[in-house]
Every structure is written in structure tokens, then in C-alpha cells.
Amino acid sequence: MAVESRPVRYFVAVAEERSFTRAAERLGITGPALSRAIRNLETDLGVRLFERSTRVVELTEPGAVLLAHARPALEALDAAARRTVRASAPHRSVLLAVKADTDGGLLEHILAAAAAEPDAEPVTVRLCGWREHTRLLRTGEADAALMFEPYDPGGIDSDVVAVEPRVAALPADHALAGASRVRLADLGIGPEEVDERAERDIGELGVHDLAQLLALIGLGATTTVLPRSVAARYPRQAVAYVPIEDCPPARLVIAWPERSRSRGVAALVRAATAAAESRGMGTAVEAPRPGLTAAGDRGTVSTTDDRPGARTGERHGISGLTGPASPRAGHAYTLAENRN
């Protein structure tokens, strides 16, 4: 059954707005035209997608199923269109999404290593916000992302680049500020909370970024847990950073869309791993990755597979790629405008 994308976009707008009037305004079309499009879609599918009343529009069970599948499908379609347009550009580059100061201190080293890789392309750094990396990958606004776990793995492949300790960020006058090290129990934090603690604190305290969170910590309003490299970028007289002896380490990953076959991205992934290892931050154990762990699965793909994560039996083995080498001298990167 073939379904056009336009009525599906209309359906998603109505489902998200819960109103035909607001959806029509959002789409820039008339209400009657939108209603006709939805009725035609329901006829084509043979199901009722909405329960309509004078006050509210609610999804039916089939409508909820369609919405769950329609969003990623439209996102993938838009991403394909963006990447297609970019592929025709005379000067191509790999778009790397990075949150400022959350690169493990490795960004410059990764860019330098990438410039010397066979199949290297210039790297355009796309600065982004908290947890925005995977959205940019899915929408085609980035080709790769450097970020700390956790993240939504749907449609994303990744390699662990570096593993590093975490520290507690405490007010300078906190009772534990002068300790040589602390335990999670001293902070009232469970191991399962660690990965998302800083992000949760930012959300709950109504601040917009790490700098504002640290300002509140300095005022004694809260505490948090950060990767050591992030803390090193934010020295504060009013904040003490104390090692945590029983804290799970922070894991920095480089990620890319799981269907990517870009040689430029593959070169960047190799460079990221090499840069971390050269600075003693690499991990000896590769990250478990869905679909890339069992022999006989994608974990043993041939050396002609040019997906960024194709395995060849080597650690972090994004190798065996063929094609003309194009090493570039110096830092082959530019800085994209931060649109956030």
C-alpha cells in the first residue's frame, strides 16, 4: 500500500496539536483542506485515525500506531533530503555535533587526527545543546556526534572513544569539599542516577546550561556529578571538585546514523579512537552495541563494508575501507553557526 508523505505530515500535525484549527494554522492551509486530506487518508488506510468532537480531537488506537511510526519515517525522509542536497555541494564536509566543553578535551586532537586519515573530509563542527546530538543525527543536520552517554540509541550506532572518572561538584564550603575523595552514598546519589544527574539537575532547577548550574552550586543550592574533563573546563572559586571512588565512569562516544556509509564519517571515527588512545583516554573494551556483538551478525561484516561501524576483527575496527586516500594537512575543519 503506497501512502503519500504529505497527508501523513498533515496527520502528524493534527495528532500533535490535538486540534484541526491549530494544525491548519501550523501547516499554512485551510481547515476544510486539512479535514479532506485526513478523511482521504483514513479512507486509503481503511481505519479511523481520530475521534472528533466539538471540543477535542483524540487519537484512536490505529491513529496512535500510525503516529509512532510516522514521526521517525518523516524524520528519516527529511534527513535523506538534507543529505542528498549536501552531497551535491561542491565543497563537502562531515558535520560533527558537539556540546561545547563536553568533548573530553579531545576535540582539537580528533580534528587533527582526522585531517591525516585516508578518506578524510573537512569537518564542520556544529555546536549543539544538551541531549540534542541524536536529534541532529536523525534529521540529517549532523553526520556524527561526540557526546557522553546516556543517549537515545534508536537508529544510532556508536563507538566508545574514552572512559574517564567522574567528580562531585560541591559548594566550596561543603563539609566534604576538602575530602581527598567521597563515595556516592556521601552525596545521597545512587549508581543508577549518575548518568543523568547533571541533566536532571539542570531541568529541575530551571537553569539552561552547566555554567548556570555551577553558579547555583557555588551558592550552596545543590550538588552534582560531572565527568572529570568537563569539570576541568569550569574552574570556579566557589565550587570544589572531589573524586568519587565508587562512581561508574563517564563514557564518551562518537555516534553516527546506523545506515551511514560515509567514508568521511568512518575516517572521523577512526581518528576519534586514535586521538583518545594517544592521550591515554582510550578504553580497552569496546562498547556493546546492538546488532554488532555476535559472531555471524553484523559483528563479522566483510572488509568491503564501508559503514562507519563495520567490524573487521580489529578493536574499534573501522578499517579495510577501499578507495583513494585524501589526507589533508592541518586542521580540516570549520565552525558552523550555533543556531540554538
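Note that this is a predicted model, so its numbers are computed, not measured.
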Do other residues, nucleotides or ligands put more than 12 heavy atoms under 6.0 Å from the [atom1] atom of [X]?
{"X": "Glu4", "atom1": "CD", "result": "no"}
{"X": "Arg233", "atom1": "CZ", "result": "yes"}
{"X": "Glu192", "atom1": "CD", "result": "yes"}

To the closest 0.5 Å, what do you measure between [atom1] ([X]) and [atom2] ([Y])?
{"X": "Leu137", "Y": "Glu75", "atom1": "CG", "atom2": "CD", "answer": "10.0 Å"}
{"X": "Arg18", "Y": "Leu59", "atom1": "CZ", "atom2": "CG", "answer": "4.5 Å"}
{"X": "Cys128", "Y": "Leu95", "atom1": "SG", "atom2": "CG", "answer": "11.5 Å"}
{"X": "Ile217", "Y": "Tyr234", "atom1": "CD1", "atom2": "OH", "answer": "12.0 Å"}
{"X": "Thr30", "Y": "Arg36", "atom1": "OG1", "atom2": "CZ", "answer": "6.0 Å"}
{"X": "Glu25", "Y": "Ser19", "atom1": "CD", "atom2": "OG", "answer": "7.5 Å"}

With distance as the sole test, does [X] use its side chain to make a donor-acceptor pair with the main-chain N or O of [Y] at under 3.5 Å?
{"X": "Arg82", "Y": "Leu77", "value": "no"}
{"X": "Glu42", "Y": "Leu49", "value": "yes"}
{"X": "Tyr10", "Y": "Ala33", "value": "no"}
{"X": "Glu164", "Y": "Arg228", "value": "yes"}
{"X": "Arg22", "Y": "Glu17", "value": "yes"}
{"X": "Asp101", "Y": "Val230", "value": "no"}
{"X": "Arg270", "Y": "Pro118", "value": "yes"}

### Message
Let's go through Lys99 and Asp209 carefully: what are the C-alpha distance in whole Å and the side-chain angles of both, what is the deciding distance for salt bridge (charged side-chain N to carboxylate O under 4.0 Å, His left out) to 0.1 Å, and is it a yes or a no?
### Response
CA-CA 10 Å; Lys99 171 76 172 69; Asp209 55 32; over 6 Å; no
Whether [Y] and [X] form a salt bridge (side-chain N of Lys/Arg under 4.0 Å from carboxylate O of Asp/Glu) is what I want to check.
{"X": "Glu245", "Y": "Arg183", "result": "yes"}
{"X": "Arg126", "Y": "Asp143", "result": "no"}
{"X": "Arg135", "Y": "Glu132", "result": "yes"}

Compare every heavy atom of [Y] with every heavy atom of [X], then report the nearest pair and how far apart it is.
{"X": "Val161", "Y": "Ala272", "answer": "CG1-O, 3.4 Å"}
{"X": "Arg181", "Y": "Val242", "answer": "CA-CG1, 3.8 Å"}
{"X": "Cys247", "Y": "Val225", "answer": "SG-CG1, 4.3 Å"}
{"X": "Ala276", "Y": "Leu106", "answer": "CB-CD1, 3.9 Å"}
{"X": "Phe11", "Y": "Gly63", "answer": "CZ-O, 3.2 Å"}
{"X": "Pro257", "Y": "Arg83", "answer": "CG-NH2, 3.2 Å"}

Heavy atoms, side chains only, cut-off 4.5 Å: are [X] and [Y] in contact?
{"X": "Val3", "Y": "Asp44", "result": "no"}
{"X": "Thr60", "Y": "Phe50", "result": "no"}
{"X": "Leu66", "Y": "Leu45", "result": "yes"}
{"X": "Val65", "Y": "His69", "result": "yes"}
{"X": "Asp186", "Y": "Leu184", "result": "no"}
{"X": "Ile38", "Y": "Phe20", "result": "yes"}
{"X": "Arg9", "Y": "Asp78", "result": "yes"}
{"X": "Ile244", "Y": "Ile189", "result": "no"}

### Message
Working note: Ile110 + Ile254, criterion side chain to side chain contact (heavy atoms under 4.5 Å, CB included); need CA distance, chi angles, decisive distance, verdict.
### Response
CA-CA 11 Å; Ile110 290 171; Ile254 188 163; 5.6 Å; no
Shared hydrophobic cluster for [X] and [Y] (ILVMFWY, side-chain gaps under 4.5 Å):
{"X": "Val182", "Y": "Val239", "value": "no"}
{"X": "Val194", "Y": "Leu214", "value": "no"}
{"X": "Leu187", "Y": "Leu216", "value": "no"}
{"X": "Tyr241", "Y": "Leu176", "value": "no"}
{"X": "Val94", "Y": "Leu252", "value": "yes"}

### Task
For side chain to side chain contact (heavy atoms under 4.5 Å, CB included), just list the numbers for Tyr151 and Ser158, CA-CA rounded to whole Å, side-chain angles, deciding distance to a tenth of an Å, and then say yes or no.
CA-CA 11 Å; Tyr151 61 91; Ser158 68; 2.6 Å; yes
#### Entry: Residues forming a side-chain hydrogen bond (donor to acceptor under 3.5 Å, both in side chains) with Thr223, sequence neighbours excluded
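None.
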### For Phe148, all residues meeting ring-ring contact (aromatic ring centres under 6.0 Å, His included), sequence neighbours excluded
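Counting only residues at least two positions away or on another chain, Phe148 forms no ring-ring contact (aromatic ring centres under 6.0 Å, His included).
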### Message
Can you confirm whether the side chains of Glu141 and Thr139 place a donor and an acceptor under 3.5 Å from each other?
### Response
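Note: Glu141 and Thr139 side chains meet the donor-acceptor criterion.
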### Task
Could you check Val265 against Glu121 for side chain to side chain contact (heavy atoms under 4.5 Å, CB included), going step by step and ending with a plain yes or no?
CA-CA 8 Å; Val265 172; Glu121 294 180 6; over 6 Å; no
